[in-house]
Amino acid sequence: MSGIASYPAGSTQLLLGNQAIARGALEAGVQVASSYPGTPSTEIIETLAEVAKERNLYVEWSTNEMVAIEVATAASFAGLRAINPLKHEGMNVAMDFLAHLNLTGVKGGLVVVVCDDPQPWSSTSENDSRLIAKWLHVPLLEPATGQEALEMTKYAFELSEKIGNFVMLRSCTRISHGTSNVVVGELPTTQRTAKFEGTDAPHGRHAVILSMEPKIQAMLEETPFNQYQGPEHPELLIVASGTGRPYSVEAVEMLGLKDSVGILHLGTTWPMPKKVIEKHLPRTNRVLVVEEVDPYIESNLRDIATDIGWLAGERAVLGKRSGHLESVGELTPDRVIGALVSILDLEYQSTDKEYRQQAQAYAQKLVSDRNTVWCAGCPHRGSLWAVKQALKLDGRDGFATGDIGCYAMDRRSGYGSAKTGSVMGAGIGHASGFGRLGQFGFKQPVIALSGDSTFFHAVVPGLINAKHNKANITLLVMDNDATAMTGDQPHPGVSHDAMEQEAYPVSIEGICKGIGVPVQVFDPFDLDKTVPALLESVQTEGQEGPRVIIMKRPCVLLPDQRNKEHDYKVWIDQSQCLGESCGCGQYCVRVFKCPGLMWDRAAGKAKIDDASCYGCGLCAQICPVSAIKKEPIHAAV
Amino acid sequence: MVTTAASGLQQLQDRVLKAGLCSYCGACSGLCPYLVPLQGRMATPDACNVTASTRCINFCPRTGLDMDEASQAALGVAYSGKPIGDYQQIFIARSNDPKVLKRAQYGGAVSVLTGLALRLGVINKAVLTRTVNGVPRGVVASSWEEVLECGSSNYLVSPTVAAFNRIPASNGAADARIGVVGTPCQIQALSKMRASPLAGRSNAPRLALTIGLFCTWALGHSFRTMLAKVAPPEQVKRTDVPPPPARIFVVQTDQGKVELPLDEVRQHIPLACQLCADMTAELADISVGAAEGIEGWNTLVVRTKRGAELVQAAFDQGLLKRGELPNESLEHLKGASLGKRRRAVTNIAAKSGSQDNLLYLRLRPELTRRWQGS
Amino acid sequence: MQPSKTFADPFNMVVAGIGGQGNVLAARLLGMTLTHLGYHVSMGETYGASQRGGAVMSHVRASKAHLHGPLIPEGRAHVVVSLEPMETVRVLRQYGNPEVVCIVNDRPVRPTGLAGIGYPELSSLHDAIDALSRRAWYVNATDMAIKLGTQLVSNVIICGALVGTRTVPITEKDFEDTLQREMGGRRRLEVNLKAFRDGIAAVQEAAVR
Ligand SMILES: Cc1cc2nc3c(=O)[nH]c(=O)nc-3n(C[C@H](O)[C@H](O)[C@H](O)COP(=O)(O)OP(=O)(O)OC[C@H]3O[C@@H](n4cnc5c(N)ncnc54)[C@H](O)[C@@H]3O)c2cc1C
Ligand code: SF4
Ligand code: SF4
């Protein structure tokens with residue numbers, strides 16, 4: 001036995017929140033799991049995939065989130081328990097289907113785990129997915145710790161089967177990517193057999209699910225997930241969910257407020273546990289709501305407080321709407337401390353003032369930003385370099401429409417060709433639209449960017465649209481054999497699946513050809529070929545319809561690439577290097593910017609950083625005076 | 001290191017490229033990755049950060065061209081401003097070789113002299129202009145065959161000097177003796193490079209011969225679209241502008257001759273050419289153009305001793321046939337040259353908004369007055 | 001040998017570095033050891049872009065009383081373990097206090113791009129770290145790791161240095177037990193044990209000097 005399946009019942013483990021969710025699902029007897037990779041949700045599937053074989057699970061990285069939820073639902077329709085973890089942005093993709101599934105209902109327990117990413121650390125948007133549960137009238141659970149993540153996941157499956165609908169579990173980065181002690185439970189010893197017997201048609205079912213809500217509410221009131229700790233009549237009642245609970249507990253302890261501030265932890269937040277709230281509100285005159293992202297509980301609580309007539313006179317519900325907590329960015333212990341300090345009019349210093357000022361001063365002088373950058377040896381550096389060269393050489397203010405993947409770094413730390421970048425598939429969609437603005441005087445060339453995984457996820461419909469509607473654009477597909485951004489998961493183009501079993505590799509080139517789009521395939525490190533090819537493509541004036549250029553080279557973080565020997569020994573002949581003078585101007589370190597290159601300040605010349613260089617030799621192609629030398633390590637290369 | 005001064009490239013962009021002064025001679029290019037000649041325009045894919053002693057602004061004739069300094073560096077004398085510049089001899093000539101005549105624009109004098117200079121060792125590398133796919137670009141020739149492949153004129157602007165810059169300074173090129181065939185703006189660029197304090201960081205010290213081409217104007221690359229409608233680039237054998245009163249542009253293709261109305265062709269003349277005051281490549285060792293009304297012959301203007309020696313050797317070896325330039329033709333040539341100067345200073349003043357501001361062109365005041373007045 | 005002094009509760013450690021340096025693993029090994037010792041351990045990590053040259057920070061929190069949240073409140077770190085000198089200052093700005101101690105891998109990793117050309121002098125980083133901590137230990141873990149044949153173990157060398165300073169409630173044996181449990185493969189275990197012991201030796205030498 002391995003991974004999370006190997007932990008004996010009752011043992012204490014140190015688990016990532018996502019691992020706790022996976023273990024909870026396993027303990028609940030989950031049989032099918034499907035998803036599309038997305039930080040911070042990815043490890044749930046990865047953890048389950050690891051034990052898929054020995055636990056006889058079916059675990060899949062699907063083409064996109066909508067397909068993933070449909071796949072998981074099939075299992076549920078057939079009576080099995082299934083889990084579908086997503087990041088908040090993936091939730092939007094799945095919504096089209098989910099907004100009907102709530103009406104259809106499910107059979108086997110189906111749990112949709114949505115991992116929000118406040119701040120956002122690894123996303124383009126900061127959304128609060130909890131509003132979806134309210135909108136779809138499905139139950140919502142919010143764990144506050146790893147232990148609770150495990151327990152709630154287990155409970156969610158039971159609840160789902162009891163009510164015949166899916167259940168949402170809302171995590172967030174600090175829960176999913178937080179690690180803590182978790183006591184694990186028993187794993188089941190039997191599995192269900194899959195058999196499908198039809199489902200209800202969605203229309204006309206709105207009334208049914210509405211009528212369910214009070215019943216669900218009653219069930220949730222009974223759970224151990226809503227708990228009060230604190231004095232009988234606190235001066236202030238904190239209502240907290242998710243990370244808000246541990247932060248509140250710590251803030252109360254640090255400020256010595258145990259006798260005057262109580263904490264009501266809400267773990268079930270749709271339908272709101274009205275009775276629980278009715279019971280605890282009268283303890284106090286002031287409530288502070290502590291939650292991640294939107295004032296969701298805060299607003300619902302106000303409704304209840306108004307309904308029961310509590311909210312009157314000097315009583316108040318405080319939180320984000322009152323400005324005591326910020327609505328933007330993630331919750332932190334310090335934000336909770338700040339809210340308490342201001343509400344209760346306390347004195348608090350995180351450290352003494354002089355120290356803080358000194359630390360600020362040093363940091364300002366010495367610490368610079370570390371933009372995330374493409375790795376040394378990354379194929380994207382070659383691809384986006386060619387994009388920049390082609391667009392700039394063309395000189396008509398051309399641009400790239402970005403998409404989601406490592407190549408999105410072009411916008412901030414790369415070469416700046418990408419001017420848009422929001423959701424998967426938007427790049428080609430935008431390009432298709434730009435490509436039809438000619439009649440309004442639009443003349444700029446457009447290159448849509450796509451990764452390989454992105455191509456399957458959402459680019460194909462956009463490409464078909466561009467072809468059908470004759471949009472004159474170029475689509476660049478950077479095929480690096482993996483879903484790199486989230487940690488190199490497989491996608492439909494590679495020949496193995498999430499469970500490391502053989503899978504059918506769908507050809508990107510084949511799809512393009514099928515659509516009738518001309519395709520060229522290059523090695524992104526062959527700049528002599530890629531720059532002219534891209535230039536030619538963006539200059540095909542008057543040509544109708546898109547052209548596809550595929551750049552093929554594996555991600556350097558793939559295990560076999562990471563461990564392989566370097567292709568080249570690369571060094572810089574400093575006697576030839578022009579350095580800061582005319583003719584170069586630090587072209588390699590300043591413009592090309594590979595982390596394998598560094599500036600030798602003493603010599604005033606460039607130098608290879610042996611600790612970072614990947615030995616790909618790409619930089620040797622761009623040095624204006626060929627001072628960067630490369631020599632194949634194996635004669636065969 | 002924080003510097004606020006604009007980089008050389010930034011200055012070049014502001015003062016020349018964006019200002020529409022660039023003649024696409026190529027003098028700023030071939031020295032670094034930041035200036036790439038493409039399709040009639042200097043492309044600038046990246047921002048440069050070098051602020052001190054940058055060659056691009058120092059070599060570009062359009063950041064400022066002091067005619068006295070340039071003339072001194074090229075011909076050894078201050079600029080006289082005579083109608084077709086200073087010269088020792090003027091006559092007409094043509095090649096004796098039918099193969100050359102078949103390939104060359106007119107009399108093939110340029111090709112013959114270049115080939116001879118290579119053979120005699122006066123030079124060991126010739127920077128010429130070759131057309132590939134309809135697009136002219138600078139190439140380095142070192143054999144007669146390579147010279148002949150460059151025969152005939154392409155009327156599109158060409159970044160030929162970039163090829164001169166690209167000849168490596170090391171790898172035995174230290175003893176290179178380079179000859180360049182170019183339009184007046186290209187010869188001006190080479191002269192400015194010779195006069196520059198940064199000459200030592202260029203190939204200027206290795207420049208051993210310049211052959212200038214007469215030029216009234218060249219065409220921007222937008223003309224390619226117009227030409228492509230007549231014939232695909234690979235089928236175009238030769239293009240020519242017959243002297244007035246014919247108002248046509250002749251395109252010879254595999255299928256025969258096509259005439260384009262000259263007025264339409266002239267729409268493609270870049271602004272930079274309209275600001276150029278030199279028709280006869282006044283700073284070259286030898287200048288060569290058509291012999292008006294005498295088909296298949298060239299007019300040759302010999303300006304320097306080394307030019308005279310090379311021409312003499314060509315006659316001695318029977319490679320060129322010599323003829324007299326009719327006086328009437330000489331007067332006509334002078335008139336045309338003065339006309340170009342006058343148009344240039346008028347256009348420049350119109351652009352700068354002042355008679356006293358000639359933008360890049362630096363002339364002694366009496367010359368300025370004379371050109372403006374006449 | 002049992003560390004004699006009592007430690008703060010919760011005990012807060014920040015493990016900082018650059019994506020790819022292995023600080024997440026280092027934090028995990030420390031967290032596992034503390035779990036084994038009966039602490040309630042919680043850890044918060046900021047990764048996601050961890051492989052790509054970004055600043056990466058893990059919070060490791062241990063308490064005998066109860067489980068804490070994954071984030072350390074500002075100014076409340078007891079120990080900063082840093083795999084990169086500049087990162088130490090970044091962490092101190094937010095979590096430092098006059099009593100904090102630092103264990104620093106003294107090998108700079110430049111931020112790429114223009115900023116990388118201007119990495120500060122190492123000595124000015126030392127000045128800052130010394131001024132902002134009660135005590136700081138500097139170990140060139142990267143070079144030591146390269147000597148052991150793999151840069152990957154610089155994180156474990158730093159863990160050794162940390163344990164060697166006796167500023168954490170972890171003994172040598174505690175951590176070695178964790179390595180025994182977690183490092184599959186005899187060679188992998190051996191090189192990690194060696195790395196750990198080298199780290200201890202490095203700070204003890206420094207302390208003698
Ligand atoms: C843009 C342009 C405009 C011209 N305008 C006039 C004019 O108004 N009046 C006139 O009398 N003559 C003009 N000429 C010159 C003329 O066309 C012949 O080049 C010249 O007479 C030499 O003829 P040839 O038979 O000796 O040339 P060839 O022996 O055929 O040699 C021609 C040479 O021209 C060079 N060349 C070709 N195209 C270009 C170019 N775009 N830029 C730089 N070099 C080039 C090649 O390197 C080749 O060596 C012009 C030439 C050009 C390129
Ligand atoms: S690009 Fe070449 S010449 Fe310029 S700094 Fe780098 S190595 Fe030196
Ligand atoms: S005129 Fe010549 S040197 Fe000046 S910018 Fe144009 S091509 Fe460069």
Side-chain angles (χ1 to χ4, degrees), chain A residues 12-14 39-40 121-122 145-147 173-175 177-181 243 245-247 249-251 254 332-334 337 349-352 355-356 358-360 362-363 365-375 406 409 413 486-487 557 586 589-590 593-595 598-599 601 609 611-612, chain C residues 10 18-20 27-28 31-32 35 39-49 51-55 58 66-76 86-87 89-90 92-94 96-98 107 109-120 124-125 127-129 131-132 142 146 151:
Chain A
T12 301
Q13 302 294 335
L14 187 64
T39 316
W121 289 103
S122 323
T145 62
Q147 187 71 52
T173 304
R174 294 294 171 194
I175 302 291
H177 281 179
T179 301
S180 61
N181 295 141
T243 54
R245 176 168 66 159
Y247 297 162
V249 170
E250 180 149 16
M254 282 172 66
T332 62
D334 295 284
I337 292 169
Q349 294 269 347
S350 62
T351 53
D352 71 78
Y355 180 93
R356 240 179 322 152
Q358 199 185 5
Q360 286 295 350
Y362 275 122
K365 201 170 71 174
L366 300 171
V367 178
S368 46
D369 281 350
R370 288 186 192 270
N371 276 336
T372 51
V373 295
W374 294 309
C375 311
C406 287
M409 285 185 231
S413 59
T486 47
L557 293 182
Q586 301 172 297
V589 291
R590 189 181 61 86
K593 297 188 289 197
C594 175
M598 64 187 283
W599 188 243
R601 215 182 324 185
D609 180 1
S612 310
Chain C
I18 311 304
R28 225 186 130 65
M32 284 173 156
T35 302
Y39 286 90
H40 300 277
V41 176
S42 64
M43 293 160 51
E45 283 146 11
T46 307
Y47 57 101
Q51 295 288 357
R52 299 165 191 93
S58 304
H66 64 87
L67 192 71
H68 282 69
L71 292 181
I72 298 171
E74 287 181 10
R76 296 296 161 123
M86 184 195 284
E87 290 315 300
V89 182
R90 193 193 306 277
L92 289 173
R93 167 170 58 183
Q94 206 174 354
N97 55 69
R107 166 75 171 249
V109 178
R110 307 148 294 112
T112 46
L114 190 55
I117 296 170
Y119 193 92
S124 26
L125 287 170
D127 290 347
I129 296 166
L132 296 174
T142 305
I146 290 172
Q151 255 193 69

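As the structure is a prediction and not an experimental result, all values here were calculated from the model. First the proteins, then the strands, lettered A, B, ... as listed; each starts at 1.
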Based on non-hydrogen pairs under 4.5 Å, which of [options] is most in contact with chain C?
| options | result |
| --- | --- |
| A/Gly146, A/Pro40, A/Ala251, A/Ala363 | A/Ala363 |
| A/Arg245, A/Gln349, A/Arg174 | A/Arg174 |
| A/Thr145, A/Val249, A/Asp334 | A/Asp334 |

Under 4.5 Å heavy-atom distance to chain A, tell me which part of C/Leu67 shows up: side chain, backbone, both or neither.
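The side chain, not the backbone.
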Determine whether the side chains of A/Asn181 and A/Thr12 contain a donor N or O and an acceptor N or O closer than 3.5 Å.
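Looking only at side-chain atoms, A/Thr12 and A/Asn181 do not form any donor-acceptor pair under 3.5 Å.
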Student check: side-chain heavy atoms of [X] and [Y] closer than 4.5 Å:
| X | Y | value |
| --- | --- | --- |
| A/Val373 | A/Lys593 | no |
| C/His68 | A/Tyr247 | no |
| A/Ser368 | C/Met86 | yes |

Max heavy-atom pair count under 4.5 Å with chain A, selected residue of [options]:
| options | result |
| --- | --- |
| C/Pro73, C/Ala131, C/Gly96, C/Pro10 | C/Pro73 |
| C/His40, C/Arg93, C/Arg28 | C/Arg93 |
| C/Glu74, C/Arg107, C/Arg76, C/Gln151 | C/Glu74 |
| C/Thr142, C/Val109, C/Ile146 | C/Val109 |

Closest contact, heavy atoms only, C/Gly69 versus A/Pro246
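So the minimum-distance heavy-atom pair works out to CA-CB, 3.6 Å.
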If I compare all heavy atoms of C/Pro98 with all of A/Asp352, which pair ends up nearest, and what's the gap?
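Here C/Pro98 and A/Asp352 meet closest at CG-OD2, 3.5 Å.
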Checking [X] against chain C: side chain, backbone, both or neither under 4.5 Å from a heavy atom?
| X | result |
| --- | --- |
| A/Gln147 | neither |
| A/Ser413 | neither |
| A/Gln358 | both |

Side-chain (A/Arg601) to main-chain (C/Tyr119) donor-acceptor, under 3.5 angstrom
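Pair found, side chain donor or acceptor close to backbone of C/Tyr119.
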